[in-house]
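In what follows, chains carry the letters A, B, and so on, assigned in the order in which the sequence lines appear, proteins first and then strands, with residues in each chain numbered from 1.
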2 protein chains.
Amino acid sequence: MTDPVKSRQAPTRGPVTLADIARLANVSPVTVSRAINTPALVKPRTLEAIERVIARTGYVPNLLAGGLASRRTKLIAAIVPAVSSTIFAETIEGLNTELVAAGYQLLLGLSGYDPRRELELTRAILARRPDGIILTGITHLKETRAMLTGAGLPIVEIWDSTPSPLDTAVGFSHAAVGMLVADHLLRKGYDRYAQVGANDPRAVQRRDGFVHRLAGIAKVELPDLEMSSPSTFRDGRQAMAQLLDRGGGTLGVFCSSDVVAHGALAEAYARGCRMPGDLAIVGFGDFDFAAHTHPPLTTVRIDRRDIGTKAAQSILRKIAGDETVEAMINVDFHIVMRGTA
Amino acid sequence: MTDPVKSRQAPTRGPVTLADIARLANVSPVTVSRAINTPALVKPRTLEAIERVIARTGYVPNLLAGGLASRRTKLIAAIVPAVSSTIFAETIEGLNTELVAAGYQLLLGLSGYDPRRELELTRAILARRPDGIILTGITHLKETRAMLTGAGLPIVEIWDSTPSPLDTAVGFSHAAVGMLVADHLLRKGYDRYAQVGANDPRAVQRRDGFVHRLAGIAKVELPDLEMSSPSTFRDGRQAMAQLLDRGGGTLGVFCSSDVVAHGALAEAYARGCRMPGDLAIVGFGDFDFAAHTHPPLTTVRIDRRDIGTKAAQSILRKIAGDETVEAMINVDFHIVMRGTA
DNA sequence: GGCTGAAATGAAAGCGCTTCCATTCTACGC
DNA sequence: GCGTAGAATGGAAGCGCTTTCATTTCAGCC
């Protein structure tokens, strides 16, 4: 804890405060505050003098104090299930880029797909009084919803679609994705259809959409495996082994993520299945590796980064008091046709 | 901004404060503060009464005010270059897990491999008075270093090794990685050696180590391409095309990341190169996909999550006043031998 | 019953900023 | 030269908590 001021005229002990700057620049604290936050209101000469003192002392304003007084923290919190090898990493980057450009900072929370952890995180986050909060998905615990609406701040739910968001939502219909994939597989026609993947609410929606579209046409098989989110390469491989072992004609499979699909693909490839003749696989997410598997993976593409960008823009507009932000902002998705379906 | 209290006895306008709780529970504010922070100091009966009021009102303490008064924010900031498809995502997760368990929160900064942005981030972060800060790498701008040391808080530099960290470092020697890979390739012996990859300080160290070990044995070829960090699949593919076009015997290549290596691999595979006979490729990072490329990628493995875990532990110990934290904490790495080298 | 020390509680000050409102400058017009 | 509006600055209060330090309560004991 050394004194941050190197020059001889070290003002006080501990970190420099706004009051120190005011004293050294022969102005009142208010003027220093204005020089920092609304420089247009300060006479150029005064401003310059203050800035010199700030530079000389290495003063860094205390945003805790500022936030407490102004009730604005320039903090945005985001809760996502995870970042490593998920669709969320790029969303976070998009979010962050936009937020930083607007002078905000990102407080990150990782829920691990656990609603209870989401609740705890929400509480901890709210304690920091962020100017807005971004959540993944539209299913939250009752307590979480209550806490959130009670806090009275802008909320953006991402990666899902709903007619009745808590506040604003940016995403798409997972059921629609499932149906799109079903239609795609139906076009070629397979003897059997299956879905393999995770059990988080969005993956379940995709499965339900898939099953719904195939209702009356085919029964959708599910592997007999416990799979928690995020599902893994190994999960996919095992699931595919099981499906293939069952035998019974050509097979169209919808996987809940590219990672699972990759595992499924590896198993199929190892067994020498012909794709997409005997076997079709459709992934989800269009991860970076998807174009480079053998054969390259057919998958559903969403602009992951764009979800972050749009979420940031929405919340910034909300914070600025813009009442015209749409409750539901839809983002596109489409099937990227490659070698597996 | 609706009143967060649903019950009829809504106390005041705006969010509930500690003073409100005190009033409703017929105790002084100090006692409420203690009930929250040091419950052992409060008589069980009183504690219970206070907790009831807190639950009923949905009170969420204001950590801005708390942090301002106590000079402890329970916030740890981390700056990494990026999260999507990088080695850092899992480090962040490791960090976060450990931090959350200790009651801390993660403020995330993304520098995009840009030292100037790192400086800006550092300033913005310091304004929030975190209890500690974690940076990627050991090369920082002079101003960044000054600001950091002046702030007098625990610092952990990660993903690199140095005898003289700013405070504490958790990582390994990238030069040593380069040398290890050189030794590995040398064992088989190739006619030519090359390195392809990014230009961030750590990638450069790895290259330098690689070059150094081969000095006097072979000249290390570099592709004639602009590659900025993070380098991409496409970069790798183009670089490999160029190297292969030059012709001239068997080739051992060290790539600065698995992503680049994957690109290089794809090009080599497309051209029908025999690996690791005619061509050897070694990646870096052991990304999730590395085990599943064709052929599977030989690469350097580091426990990415563990770096986050160790960094968190170190900083928490520092915060707790533990003076015995080692200045340099080394993490292991080793070559995972698979099909490409 | 009164003393004692520990347990439990409280009063007051203050963390470092912003906000509101009041005051002082400054330039310009007649 | 004086009045005046607008520009520039300042004083005081307060954001919601924690930190001393002081006071009260209580159990245990002679």
Side-chain angles (χ1 to χ4, degrees), chain A residues 4 11-50 53-54 57-75 124 126-131 151, chain B residues 1 4 11-50 53-54 57-75 126-131 151:
Chain A
T12 56
R13 296 215 57 61
V16 189
T17 71
L18 182 138
D20 296 330
I21 304 298
R23 203 171 311 120
L24 292 173
N26 280 315
V27 294
S28 77
V30 216
T31 303
V32 177
S33 174
R34 275 191 282 255
I36 294 170
N37 300 308
T38 51
L41 297 184
V42 178
K43 182 157 52 165
R45 275 197 45 154
T46 317
L47 185 58
E48 198 191 319
I50 293 173
V53 176
I54 290 180
T57 54
Y59 170 61
V60 178
N62 184 328
L63 249 43
L64 293 177
L68 180 59
S70 70
R71 298 154 165 291
R72 279 176 287 100
T73 52
K74 290 274 180 177
L75 240 199
L126 254 23
R128 310 248 177 223
R129 302 296 190 261
D131 291 341
Chain B
M1 312 281 173
T12 56
R13 296 215 56 60
V16 189
T17 71
L18 181 137
D20 296 329
I21 304 298
R23 204 171 308 120
L24 291 173
N26 281 313
V27 293
S28 76
V30 219
T31 303
V32 178
S33 175
R34 275 191 282 253
I36 294 171
N37 301 308
T38 50
L41 296 184
V42 178
K43 181 156 53 166
R45 276 196 47 152
T46 317
L47 185 58
E48 197 190 320
I50 293 174
V53 176
I54 289 180
T57 54
Y59 170 61
V60 178
N62 185 327
L63 249 43
L64 293 177
L68 181 59
S70 70
R71 298 154 165 292
R72 279 174 286 104
T73 53
K74 290 274 178 179
L75 242 198
L126 254 22
R128 311 247 177 224
R129 303 296 190 263
D131 291 341

May I have the distance from [X] (atom [atom1]) to [N] (atom [atom2]), rounded to whole angstrom?
{"X": "B:R45", "N": "D:dC26", "atom1": "CZ", "atom2": "C1'", "value": "14 Å"}
{"X": "B:N37", "N": "D:dC17", "atom1": "CG", "atom2": "P", "value": "10 Å"}
{"X": "B:L41", "N": "C:dT9", "atom1": "CG", "atom2": "P", "value": "10 Å"}
{"X": "A:L47", "N": "D:dA7", "atom1": "CG", "atom2": "C1'", "value": "15 Å"}

Exercise for the section: Pick base, sugar-phosphate or nothing for A:R72, based on heavy-atom distances below 4.0 Å to the nucleic acid. Expected result: sugar-phosphate

Problem - Sidechain-backbone polar pair: B:R71 side chain, B:L68 backbone, donor-acceptor under 3.5 Å - result: no

Exercise for the section: Output yes when a side-chain donor or acceptor of A:S33 lies under 3.5 Å from a complementary backbone atom of A:P29, and no otherwise. Expected result: no

Fill in the blank from the handout: Assert: residue with more 5' nearest nucleotide on DNA chain C, out of B:K43 and A:V60, is B:K43

Practice task
Enter the inter-axis angle for the ends of the helix from C:dG1-D:dC30 to C:dC30-D:dG1 (five pairs per end, rounded to 10°).
Solution key: 50°

To the nearest 0.5 Å, how far apart are [atom1] in [X] and [atom2] in [Y]?
{"X": "B:N62", "Y": "A:T73", "atom1": "CG", "atom2": "OG1", "answer": "9.5 Å"}
{"X": "A:I36", "Y": "A:L47", "atom1": "CD1", "atom2": "CG", "answer": "10.0 Å"}
{"X": "B:R72", "Y": "B:D131", "atom1": "CZ", "atom2": "CG", "answer": "7.5 Å"}
{"X": "B:I21", "Y": "B:T31", "atom1": "CD1", "atom2": "OG1", "answer": "13.0 Å"}

Practice task
Would you mind reporting whether A:D20 and A:T57 have side-chain heavy atoms less than 4.5 Å apart?
Solution key: no

Handout entry: Derivation and outcome, side-chain contact (heavy atoms from CB on, under 4.5 Å), residues A:V60 and B:R129
Key = CA-CA 10 Å; A:V60 178; B:R129 303 296 190 263; 3.9 Å; yes

For nucleotides 14-16 of chain D, list the nitrogen or oxygen atoms of the protein found under 3.5 Å from its nitrogen or oxygen atoms, one pair per line.
| residue | atom | partner | partner atom | Å |
| --- | --- | --- | --- | --- |
| D:dC15 | O3' | A:R71 | NH2 | 3.1 |
| D:dC15 | O2 | A:A69 | N | 3.4 |
| D:dG16 | OP1 | A:R71 | NH2 | 2.8 |
| D:dG16 | N2 | B:A65 | O | 3.3 |

Completion exercise
Within residues 28-35 of chain A, those residues having any heavy atom closer than 4.0 Å to DNA chain D are A:S28, A:V30, A:T31, A:R34

Identify the heavy atoms of [X] and [Y] that sit nearest to each other, and give their distance.
{"X": "B:A25", "Y": "B:I50", "answer": "CB-CG1, 4.1 Å"}
{"X": "B:R128", "Y": "A:K74", "answer": "NH2-O, 2.8 Å"}
{"X": "B:A22", "Y": "B:S28", "answer": "CB-C, 3.7 Å"}

